[in-house]
Amino acid sequence: MKPEISIVIPAYNEEESLPALFEELYPVMEQMGRPFEIIFINDGSKDKTLGLLYDFYKAHPKEVRVIDLNGNFGQHMAIMAGFDYVLGDKIITLDADLQNPPAEIPKLVAEMDAGHDVVGTYRVGRQDPIFRKVASKIVNKITNKIARLNISDYGCMLRGYDRRIIDIINVSKESTTFIPALGQKFAANPIEIPVAHREREMGESKYGLFQLIRLNFDLMTSFSIIPLQMVTMAGMVVSFLSFILVCYMLLRRLILGPEVEGVFTLMAIQFLLTGIVLFSLGIAGEYMGRIYREVSRRPRYAVRKIFEDENGE
């Protein structure tokens, strides 16, 4: 029987949380009384993750499929791999770390039954360190303004997508993409709902500070050229002010003669201008890097093996 609901779960070194995740998730899906499939994507894990996923598949070959990637391609590319193989009309993405309880899934499905093609979520009572919550709020506001979106919580991956949205996302062949924002761009009737959030009890987060910065650069440069325009405007303003400063210093030298005072002020100004130039080069480099990745046309992921029901039933 063709599944109606597809659950897509990327997993990277999640051997500690996977048994508890499956123990919670499978009964939730059974109780819904609707045909379903659970697609796990092993994103190049180096621990026992693949072995655990294979055990899930052997125990439930009709409902569980496992996509084993050839290396670590990142969370969003792993989800994209899952999207390429989903069979359901309603697709739910879920992290493997158990911070979003699987018991919240029926709420998303109910909203999709009501006609919403994208069901976004935002975490209530978020159990994360203070600095991550504050940084997340700042990034959410900045990103919404730059990308002209209206997403309350970019970091929550428990989300629902209609099959039509997934088909559009699959057609998009960008080498890097941020799935929640891409889905929101294509949605005709989106909605956001609150979901519970738990502290991570097993394993470690795969997103350190550098990975979070990298992800947000990808997000902002994927959906807008406003950062590049801001740099251009800042360069124009700084150039104008620098020209005025040079004229002032020349007039001062002609009228008052050479002087030593203010040398360190000029050095500070020079350092400021150098910092702005380097920052501007960094922003321009981000866009050039994206162009390079797009032009190179390398595959977004590589599948080593798929474990699924051979009868295709």
Side-chain angles (χ1 to χ4, degrees), residues 1-11 21-22 24-42 53 56-57 60-67 69 75-96 100-122 149 151 156-174 177-195 300-301 303 306-313:
M1 182 182 296
K2 180 180 180 294
E4 180 185 352
I5 302 170
S6 297
I7 309 297
V8 177
I9 306 174
L21 169 67
F22 196 77
E24 283 191 39
L25 175 61
Y26 195 83
V28 169
M29 300 309 300
E30 277 193 316
Q31 291 167 13
M32 292 183 69
R34 300 163 78 163
F36 70 92
E37 65 174 352
I38 303 173
I39 300 179
F40 289 100
I41 304 95
N42 177 44
L53 297 181
F56 299 158
Y57 156 71
H60 304 277
K62 301 294 185 184
E63 296 89 7
V64 176
R65 288 194 284 159
V66 178
I67 300 173
L69 299 185
Q75 180 190 42
H76 289 263
M77 291 302 103
I79 293 175
M80 291 295 293
F83 284 173
D84 280 337
Y85 291 92
V86 293
L87 299 176
D89 295 322
K90 296 177 174 63
I91 294 89
I92 308 293
T93 58
L94 177 68
D95 281 338
N100 289 123
E104 299 285 343
I105 290 176
K107 292 169 57 177
L108 278 71
V109 175
E111 295 295 343
M112 298 177 76
D113 288 339
H116 298 288
D117 53 1
V118 170
V119 181
T121 59
Y122 55 92
L149 295 171
I151 296 178
C156 188
M157 288 305 295
L158 175 57
R159 296 175 180 271
Y161 304 92
D162 182 81
R163 181 62 193 234
R164 181 185 66 85
I165 301 297
I166 297 303
D167 289 341
I168 296 174
I169 290 176
N170 285 340
V171 169
S172 172
K173 295 300 181 181
E174 297 179 50
T177 189
F178 193 86
I179 293 168
L182 201 59
Q184 185 81 6
K185 280 285 188 182
F186 298 136
N189 186 25
I191 190 175
E192 283 193 330
I193 62 173
V195 292
R300 293 182 291 192
Y301 61 86
V303 176
I306 299 177
F307 300 95
E308 59 184 348
D309 182 15
E310 294 180 358
N311 296 323
E313 299 177 355

K.L.:
Supply the atom-to-atom distance I165 CD1 to I179 CD1, rounded to the nearest 0.5 angstrom.
P.N.:
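Rounded to the nearest 0.5 Å, the CD1-CD1 separation comes to 13.0 Å.
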
K.L.:
Provide the closest heavy-atom pair for F40 versus V64 in the form atom of the first, atom of the second, distance.
P.N.:
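Shortest heavy-atom contact: CD1-CG1, 4.1 Å.
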
K.L.:
Please enumerate all residues that pass side chain to side chain donor-acceptor pair (under 3.5 Å) together with E30, with sequence neighbours excluded.
P.N.:
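Checked E30 against side chain to side chain donor-acceptor pair (under 3.5 Å); zero matches.
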
K.L.:
Indicate the atoms forming the closest heavy-atom contact of P180 with I151, along with that distance.
P.N.:
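Heavy-atom minimum between the residues: O-CD1, 3.9 Å.
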
K.L.:
Check side chain to side chain donor-acceptor pair (under 3.5 Å) between Y301 and all other residues, then give those that pass, not counting sequence neighbours.
P.N.:
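For Y301 the side chain to side chain donor-acceptor pair (under 3.5 Å) partners, ignoring immediate neighbours, are D84.
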
K.L.:
Between R65 (side chain) and Y85 (backbone), is there a donor-acceptor pair under 3.5 Å?
P.N.:
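Looks like yes, one N/O pair under 3.5 Å.
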
K.L.:
Measure across E24 and P102 and return the closest heavy-atom pair with its distance rounded to 0.1 Å.
P.N.:
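Answer, listing the atom of E24 first, then P102: OE1-CD, 3.3 Å.
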
K.L.:
Short question: side chain of D95, backbone of M157 - any donor-acceptor pair under 3.5 Å?
P.N.:
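Absent.
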
K.L.:
Run the side chain to side chain contact (heavy atoms under 4.5 Å, CB included) test on L21 and I9 for me, step by step, so that the C-alpha distance in whole Å, both residues' side-chain angles and the decisive distance to 0.1 Å come before the verdict.
P.N.:
CA-CA 10 Å; L21 169 67; I9 306 174; 4.2 Å; yes

K.L.:
How close do C156 and V195 get, heavy atom to heavy atom, and via which atoms?
P.N.:
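For C156 versus V195, the nearest heavy atoms are SG-CG2, 4.0 Å.
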
K.L.:
Would you find a donor on one side and an acceptor on the other, under 3.5 Å apart, between the side chain of E37 and the backbone of L87?
P.N.:
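Yes; at least one donor-acceptor contact below 3.5 Å.
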
K.L.:
If you measure from CG on D117 to CD on Q184, what distance do you get to the nearest 0.5 Å?
P.N.:
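Nearest 0.5 Å value for the CG-CD distance: 9.0 Å.
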
K.L.:
Please determine whether side chain to side chain contact (heavy atoms under 4.5 Å, CB included) holds for the pair D89 and M112, giving the CA-CA distance in whole Å, both sets of side-chain angles, and the decisive distance to 0.1 Å.
P.N.:
CA-CA 10 Å; D89 295 322; M112 298 177 76; over 6 Å; no

K.L.:
Apply ring-ring contact (aromatic ring centres under 6.0 Å, His included) to Y26 and list each qualifying residue two or more places apart in sequence or on a separate chain.
P.N.:
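Scan of Y26 (ring-ring contact (aromatic ring centres under 6.0 Å, His included), adjacent residues dropped) gives F22, F36, H60.
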
K.L.:
How many angstroms lie between CD1 in I41 and CG in L69, if you round to the nearest 0.5 Å?
P.N.:
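Atom-to-atom, I41:CD1 and L69:CG are 7.5 Å apart.
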
K.L.:
Where the side chain of R163 meets the backbone of I91, is there a donor-acceptor pair that is under 3.5 Å apart?
P.N.:
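Checked: no pair found.
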
K.L.:
Decide side chain to side chain contact (heavy atoms under 4.5 Å, CB included) for L158 and I92; before the verdict, give the C-alpha distance in whole Å, the side-chain angles of both, and the deciding distance to 0.1 Å.
P.N.:
CA-CA 7 Å; L158 175 57; I92 308 293; 3.9 Å; yes

K.L.:
What's the separation between atom CD in E63 and atom CD1 in I7, rounded to the nearest 0.5 Å?
P.N.:
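Rounded to the nearest 0.5 Å, the CD-CD1 separation comes to 12.5 Å.
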
K.L.:
List the steps and the verdict of side chain to side chain contact (heavy atoms under 4.5 Å, CB included) for M80 and L182.
P.N.:
CA-CA 12 Å; M80 291 295 293; L182 201 59; 5.7 Å; no

K.L.:
Nearest heavy-atom pair of D309 and Y57: which atoms, and what distance?
P.N.:
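Reported closest heavy-atom pair: N-CE1, 3.9 Å.
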
K.L.:
So does G115 get a backbone contact from the side chain of N189, meaning a donor-acceptor N/O pair under 3.5 Å?
P.N.:
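Yes, the answer is positive, given that a donor and an acceptor are paired below the 3.5 Å cut-off.
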
K.L.:
Please report the closest heavy-atom contact between G88 and S6, naming both atoms and the distance.
P.N.:
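In this case the closest contact between G88 and S6 is N-OG, 2.9 Å.
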
K.L.:
Identify which one of L108, N100, I79 satisfies the side chain to side chain contact (heavy atoms under 4.5 Å, CB included) criterion when paired with L94.
P.N.:
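Result: among L108, N100, I79, N100 is the only option passing the side chain to side chain contact (heavy atoms under 4.5 Å, CB included) with L94.
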
K.L.:
Just verifying a value: how many Å separate I39 CD1 and L53 CG, rounded to the nearest 0.5 Å?
P.N.:
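Answer for the CD1-CG pair, I39 versus L53, is 12.5 Å.
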
K.L.:
F83 vs Y161 aromatic rings, parallel, tilted or perpendicular, using cut-offs 30° and 60°?
P.N.:
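F83 and Y161: perpendicular rings.
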
K.L.:
Could you tell me the separation between the OG1 atom of T121 and the CD atom of E104, rounded to the nearest 0.5 Å?
P.N.:
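Taking OG1 in T121 and CD in E104, the distance rounds to 9.0 Å.
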
K.L.:
Between K107 (side chain only) and P194 (backbone N and O only), is there a donor and an acceptor less than 3.5 Å apart?
P.N.:
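Flag set: sc K107 to bb P194 pair under 3.5 Å.
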
